[in-house]
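Quick notes on the structure that follows.
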Amino acid sequence: MLPESRLRDVLVDELVTLRELLLRHFASEEEGGYLSSLLEARPELKAEAAQLLEQHTTLRGDFDGLIGDAPRASLPDLLERIATVLETFDSHEHAETTLLAHAR
């Protein structure tokens, strides 16, 4: 098993990498992505789509908070927060998939 300090470093590196991937993913959605064609076909879904886009701000903040707090947080707390943020992201992605499925 890795020493705690090394495990923490690995977690932070992975969180930073994941955050960068998510930022690119969110940017593609915010710059049109799937939402443009969806809203052209189903403008009545605009409010739901806007709500999903607003969640990007929350998720960005969640990842920023994790990364910023990682050096000081206890390892159990950090792992719990990581799990919570990942669950929130998974729920967000599921909601986007559901919106797309209902739009067809």
Side-chain angles (χ1 to χ4, degrees):
M1 186 161 144
L2 292 175
E4 183 175 322
S5 62
R6 179 66 182 125
L7 178 57
R8 187 179 304 275
D9 290 343
V10 169
L11 286 171
V12 171
D13 287 345
E14 293 300 319
L15 286 169
V16 168
T17 299
L18 180 55
R19 181 185 177 279
E20 292 306 313
L21 290 170
L22 292 177
L23 290 178
R24 287 194 296 269
H25 173 74
F26 292 159
S28 72
E29 291 177 353
E30 293 164 1
E31 293 168 1
Y34 76 92
L35 288 176
S36 293
S37 57
L38 169 74
L39 294 176
E40 284 177 21
R42 301 283 304 273
E44 69 275 12
L45 297 175
K46 185 176 181 178
E48 290 176 66
Q51 186 177 37
L52 288 170
L53 287 174
E54 288 174 17
Q55 290 176 6
H56 292 178
T57 302
T58 301
L59 287 163
R60 279 185 199 98
D62 290 345
F63 274 91
D64 290 345
L66 281 173
I67 293 165
D69 294 343
R72 296 176 307 282
S74 73
L75 198 52
D77 288 344
L78 180 61
L79 293 173
E80 184 176 326
R81 285 181 58 196
I82 290 169
T84 299
V85 170
L86 292 176
E87 288 173 15
T88 301
F89 175 70
D90 185 57
S91 294
H92 168 80
E93 289 298 299
H94 179 73
E96 287 180 342
T97 301
T98 301
L99 180 67
L100 286 170
H102 286 105
R104 294 180 184 170

Rounded to the nearest 0.5 Å, how far does CD of E30 lie from CG of L53? 6.0 Å
Examine distances only and state if a side-chain atom of R8 and a backbone atom of A70 form a donor-acceptor pair shorter than 3.5 Å. yes
So CD of E48 and CG of L99: to nearest 0.5 Å the spacing works out to 5.5 Å
With rounding to the nearest 0.5 angstrom, report the CG to CD distance, L18 to E14. 8.5 Å
Heavy-atom side-chain proximity of E93 to H25 below 4.5 angstrom: yes
To the nearest 0.5 Å, atom CG of D62 lies from atom NE2 of H92 at 11.5 Å
For the pair H56 and F26, name the ring-plane relationship: parallel under 30°, tilted 30 to 60°, perpendicular over 60°. parallel
So do L78 and D69 actually touch side chain to side chain, heavy atoms under 4.5 Å? no
Report yes if some heavy atom in the side chain of L66 is under 4.5 Å from a heavy atom in the side chain of L11; otherwise report no. no
Value rounded to 0.5 Å, distance of CD in E31 from CD in E29: 10.5 Å
Got more than 12 heavy atoms from elsewhere within 6.0 Å of CD, E20? yes
Quick one: closest heavy-atom pair of I67 and P71, and the distance? O-CD, 3.6 Å
ILVMFWY network linking V12 to L2, side-chain heavy atoms under 4.5 angstrom: yes
Hydrophobic cluster membership, with links at side-chain heavy-atom distances under 4.5 Å among I/L/V/M/F/W/Y: are L23 and L59 in one? no
Could you give the distance from CG (L39) to CD (E44), rounded to the nearest 0.5 Å? 9.0 Å
Identify whether L52 and L86 are in the same connected component of the hydrophobic contact network (ILVMFWY, side-chain heavy atoms under 4.5 Å). no
